[in-house]
Structure formats: C-alpha cells, structure tokens
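Each chain gets a letter, A, B and so on, in the order its sequence line appears, and its residues count up from 1.
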Number of protein chains: 2
Amino acid sequence: MATPTPQAAPPGGLRERKKQRTRDALIRAALELFTEQGYEATTIDEIAEAVNVSQRTYFRYFANKEEVAFAVQEMVEARFLQELRERPADEAPLTALRSAVMTAWDEIGSAIESMVPVELHMRAYRMIESTPALVAAHLRRSSDLEEQIAQLIAGREGLDVDADPRPRVVVAAFCGVMRVAGKVWGEGQECSVASIRRLTQSYLDHIGPAIADTWRDR
Amino acid sequence: MATPTPQAAPPGGLRERKKQRTRDALIRAALELFTEQGYEATTIDEIAEAVNVSQRTYFRYFANKEEVAFAVQEMVEARFLQELRERPADEAPLTALRSAVMTAWDEIGSAIESMVPVELHMRAYRMIESTPALVAAHLRRSSDLEEQIAQLIAGREGLDVDADPRPRVVVAAFCGVMRVAGKVWGEGQECSVASIRRLTQSYLDHIGPAIADTWRDR
DNA sequence: TTGTCAACTGTCAGCCACTGACATTAGCCT
DNA sequence: AGGCTAATGTCAGTGGCTGACAGTTGACAA
C-alpha cells in the first residue's frame, strides 16, 4: 500500500496506475450507487461488482463501508493541511488558515474532477448529510481534523494546545465558518468549485471584523 | 373514572416492573462488559447471556449495540429537557438553561444510581471517549440534543432558529461549556454526582462574565 | 527472454450485528 | 378458569468485515 515506492507522480508504473484506476472506479461506483439508491440500501457486493472486483478487494482499498463515501473529502482535507504547513511562519494564524484554504481551492477543483464529477461529489455531500450513520462519521472526522489543525497552529506559534486555549479557539471559529459555508453550498444550486470558493471567501471575510479589536467600536 | 390501580406509583404492574428490571440488567451487564474487556471485544450474545435472555430480546430493548452504552446519558438528557421545559417563561435563556441543569442534577444522582453505580457510569463515560465508534455516536447525539435545546429556547423567546442566530449561539456556548465540564469530570478522580454538579456550576459561572459587556474591562 | 520475487487479487470459511417470521410463554382481565 | 395479548425464544437469513491460502500478474535482474 503506502510502502516506500520510489516512483514518479503521474506515470508511476503500470501497477501503480492500475491501482489508482481501481480505486477511483470504486469511489465513483460507490457514490453513484449511494446517491441513486441510498447508502444503507447499497451493498458492498454491488459496488465491487460494478467495478468487477471481489468484495475482498474493496476492503483492501477501504477499511469499511463509510470510508469510500469520504474519499473525496479526505483528499481535499489532505491538500488543505499540506497548504497550511507551507504557509510562511510569520503569518498570523487566521491569515494562514485563510490563505491556505483559498490557495487550496485553486488546485482542488481539478483534483476533485479527476476523481469524480463535481456534480456527483455535491450529491454525495447531500447524501451524507441526510444519512444518520454518515452524519456521525462526518462529525467525528471534522472533530479529528479540527484537532489536527489546532496542533498545527499551536506548533507555528510555539504554543501548547492544552496550556493555551487560543489555538483551539481560532481553529474552532475557522472550522465553524467553513462548516457553515459547506452547508450553504450543499443546500444551494450552484455546484461548481468556483461557487464554494466564493462562498468560503465571503464567509471568511466576516470572521476578521467579528474577532478583531475593533469589535468593541462596533 | 376511578383509577383501578391498587398499587403504588413505582411498581405499576408486574409486567412493567419485570421489563424495567430486564432493561436495567442489560444496561448494567453491558457497561460492565464494555468497561472490562472493551466495546468491540464484547458481543451482544455475551451481554444477553449475562442476563439470561436471548440476543433477540436484547434487540427488542435497544435498537443497536451503541444504544445501550448511552442509556444513562439518554436518561440524564431527558430529565434536563423536562426541567428546561418547566422553567418560567420570563427567565432569560441562559438563566433558564443554568437553572435547569442545576435543578436536574439534584434529582439525577439518585436516578442514575437506581440504574447503575455512578462509578460504573463514569468508567463507561471514559470508555466511550476512547472508542472511535462511540465517539462518533456521542458527537451525533450531542449535536441532536443541541438542536433540540435551541428549538426549545427559540420557542420560549418566540423566535425562529433559522431566522435569528441567537438561540443557536447561546445554546452552542452553553453546550460547549457543559461538554468541557463533562470532559474534566471524566478525567478527574472524583466520581460522585456532587462533584460534577459542582464543576458544572463553576464552569457556568464563567459564562456570564465572558459574554457580558464587562469583558472588555478584563 | 526468461525466471524469480513481491504485490495484487480471488476464493473460501467464518464471526458478528441486525432483522423478519413464527411459535411459545406468561401477565392481565373478565 | 380461560381468552387476550405483550414479551420472549427460536430459526433462518442478510450484510459488514476479517484471516488464511492460493492463483495471477507486474517489476526487475540475469
């Protein structure tokens, strides 16, 4: 799986490409089936069969049934974290967070599209929000991500998350806003990546004034 | 017209009492097994066998494996909501929330003890926090409860939760504090109900000053 | 080219969570 | 006492998930 394979990124050997294709096919088939007939009503056998692999193979790519539903989000989050790690150290926390998202969105669009159509991803997002079992998983994932971001921000500032509450607070506010942006996007019609980028920007623009010292001046 | 119930309030019929006993026994056995050997490592067959009922009977009391782990919390939350509904309408939202918790704790102690030893409940709480599958369920439950409370508060104030953000904001702050109090309690040694009541009170006492205008005076 | 190695996959057997159908038991009420 | 019905047990089956083993196929060197 993630063994030290010294190969290029795009080509990477026939084997590697085949694996990637199978993985993408599984994700695509799963999301298609989930959104069409519902998550619970879809069996892993169906997904596997749609891609012409055995059920066992599915479980070699994804640890469980949920995981495939979050594959795209997983990728988006990883890119964001990477972007955040690369922000210059002298940026203020909220600025770094904001810049990381905005920069990330620019390239994420095509990254998503190379996995599944954005429109399918949007339908999948809505499906998650309306499936109790997936809502739970989603919350847990969000909570984990938030913690990771908080650790990262604390690291940048040389703080300890357990000693100083500020990292967690900033990150909580940031993630809260991102969550709302995501929700609004999911409820809207515009399913383009550009629209969520615009939404994100607009919402983040409100966070500064709300937190800044000028707050008290109203 | 006349109530033909020749029995006291608590019993209420042999059948009813038997059911209650079975339910309590299932909860107790489950928590005992979960905390001793872990959640995943415990099968429902084991729980059922410990109470001398069939697996099928377990599923007539609880919808799934998780549910039994949250039975006590479920009860606590129900009591709190009931208490909140009974608060006078002219109380300010945060005051009503605060009063409801504090009042609820007074009676909840014995209510918990009548189900399982408080010490077991505390171990169960810790077990939940360290079991990924249960963390997810816990988050989802919390999120649901928060929404219910927000609706209730909005109702008291004659507001619409979707139109006015204030109900959700107050409730979010309140629940956040409650969550922290619960977490601190779980990490501490003192497993008495009195201690969590004290913790709750102390934490809630900080909410006012933190929100009030005097904040800027530090 | 070919042979070896390692990775990937399929098959099979099995555990466990969960459910519907039906038979059986046991409170409840007249 | 006997009928009604809720509670329980039994059975069979589905689907998520895993370990073990064997077959296949890409990678790489001789």
Side-chain angles (χ1 to χ4, degrees), chain A residues 1-8 11-26 29-30 33-34 37-71 131-134 136-137, chain B residues 1-8 10-27 29-30 33-34 37-71 131-134 136-137:
Chain A
M1 293 294 181
T3 37
T5 314
Q7 286 301 341
L14 196 153
R15 208 173 219 164
E16 211 63 31
R17 265 178 292 137
K18 209 168 186 178
K19 255 173 52 176
Q20 195 55 50
R21 285 217 336 270
T22 305
R23 193 184 138 85
D24 286 352
L26 280 171
L33 287 167
F34 287 166
Q37 56 190 35
Y39 176 75
E40 327 268 9
T42 304
T43 61
I44 294 184
D45 283 326
E46 287 179 288
I47 301 171
E49 195 177 6
V51 186
N52 281 311
V53 293
S54 68
Q55 190 212 52
R56 197 68 184 82
T57 294
Y58 168 91
F59 282 109
R60 289 200 177 96
Y61 282 89
F62 303 97
N64 48 51
K65 191 178 173 183
E66 294 168 7
E67 202 170 294
V68 71
F70 292 100
T131 307
L134 294 181
Chain B
M1 248 332 177
T3 32
T5 314
Q7 286 301 340
L14 197 153
R15 211 176 218 164
E16 212 62 31
R17 263 179 293 137
K18 210 167 187 180
K19 257 174 50 176
Q20 195 57 49
R21 285 218 336 273
T22 304
R23 193 185 138 86
D24 286 352
L26 281 171
I27 295 171
L33 288 167
F34 287 165
Q37 56 190 33
Y39 177 74
E40 327 267 10
T42 304
T43 58
I44 293 183
D45 283 324
E46 288 178 287
I47 301 171
E49 196 177 5
V51 186
N52 280 312
V53 293
S54 68
Q55 190 212 50
R56 197 67 184 81
T57 294
Y58 168 92
F59 281 109
R60 290 203 175 94
Y61 281 89
F62 304 97
N64 48 50
K65 192 178 174 183
E66 295 168 6
E67 202 170 294
V68 71
F70 293 99
T131 306
L134 294 182

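Between B/Ile27 and B/Phe62 the shortest side-chain heavy-atom distance falls below 4.5 Å. Contact annotation: the side chain of B/Glu16 never approaches that of B/Gln20 to less than 4.5 Å [non-hydrogen atoms, C-beta and beyond]. Residues A/Leu26 and A/Val53 are in side-chain contact: their nearest non-hydrogen atoms beyond the backbone lie under 4.5 Å apart. Residues A/Glu67 and A/Tyr61 fail the side-chain proximity criterion, which asks for heavy atoms closer than 4.5 Å. Side chains of B/Val68 and B/Phe34 form a contact here, defined as non-hydrogen atoms less than 4.5 Å apart. Counting only heavy atoms from C-beta outward, the side chains of B/Tyr58 and B/Asp45 never approach each other to under 4.5 Å.
When each of A/Val53 and B/Glu66 is assigned the nucleotide of DNA chain C bearing its nearest heavy atom, the one mapping closer to the 5' terminus is A/Val53. Where A/Thr22 and B/Tyr58 each meet DNA chain C at their nearest nucleotide, the meeting point lying more 5' is that of A/Thr22.
When the P atom of C/dA6 is taken as reference, atom CD of A/Glu16 falls 17 Å away, rounded to whole Å. As a whole-Å value, the separation of B/Leu14 CG from C/dA26 C1' is 10 Å. In this structure, A/Ile47 places its CD1 atom 10 Å from P of D/dC17, rounding to the nearest Å. Atom P of nucleotide C/dC18 and atom CD of B/Glu67 are separated by 10 Å, given to the nearest angstrom. Rounded to whole Å, the distance from CZ on A/Phe62 to P on D/dT18 is 14 Å. If you take CZ of B/Arg21 and P of D/dT8, they are 11 Å apart, rounded to a whole angstrom. Summarising the geometry, the separation between CG on A/Asn52 and P on C/dG10 is reported as 9 Å, rounded to the nearest angstrom.
OP1 or OP2 of C/dC8 has not a single side-chain nitrogen or oxygen of A/Lys18 nearer than 4.0 Å. Dashed line: the shortest gap from a side-chain N or O of B/Thr57 to OP1 or OP2 of D/dT8 is not under 4.0 Å. Regarding contacts with the backbone of C/dT9, a side-chain N or O of A/Tyr61 is found under 4.0 angstrom from either OP1 or OP2.
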Can you pull every protein N or O that's under 3.5 Å from an N or O on nucleotides 12-16 of chain D?
from   : atom 1 : to      : atom 2 : distance (Å)
D/dG16 : OP1    : A/Thr42 : O      : 3.4
D/dG16 : OP1    : A/Lys65 : NZ     : 3.2
D/dG16 : OP2    : A/Ile44 : N      : 3.3

Protein-nucleotides 19-23 of chain D N/O pairs under 3.5 Å:
from   : atom 1 : to      : atom 2 : distance (Å)
D/dG19 : N7     : A/Arg56 : NE     : 3.4
D/dG19 : N7     : A/Arg56 : NH2    : 2.9
D/dG19 : O6     : A/Arg56 : NE     : 2.8

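Nearest approach of A/Ile47 to A/Thr42, heavy atoms of both residues: CG1-CG2, 4.0 Å.
Listed for the B/Glu46 side chain is a donor-acceptor partner under 3.5 Å among the backbone atoms of B/Thr43. The backbone N or O of B/Pro132 sits nowhere less than 3.5 Å from a side-chain atom of B/Tyr39 that would complete a donor-acceptor pair.
To the nearest 0.5 Å, the span separating CG on A/Asn52 from OG1 on A/Thr22 amounts to 10.5 Å. B/Lys65 NZ to B/Leu134 CG: the interatomic distance, rounded to the nearest 0.5 Å, is 8.5 Å.
At a cut-off of 3.5 angstrom, counting only N and O atoms as typed in the model, there is no donor on one side facing an acceptor on the other between the side-chain of A/Arg15 and the base of D/dA27.
End-to-end axis angle of the helix from C/dT1-D/dA30 to C/dT30-D/dA1, using five pairs per end and rounding to 10°, comes to 10°.
Atom CD of A/Glu49 has 12 or fewer neighbouring heavy atoms from other residues, nucleotides or ligands inside a 6.0 Å radius.
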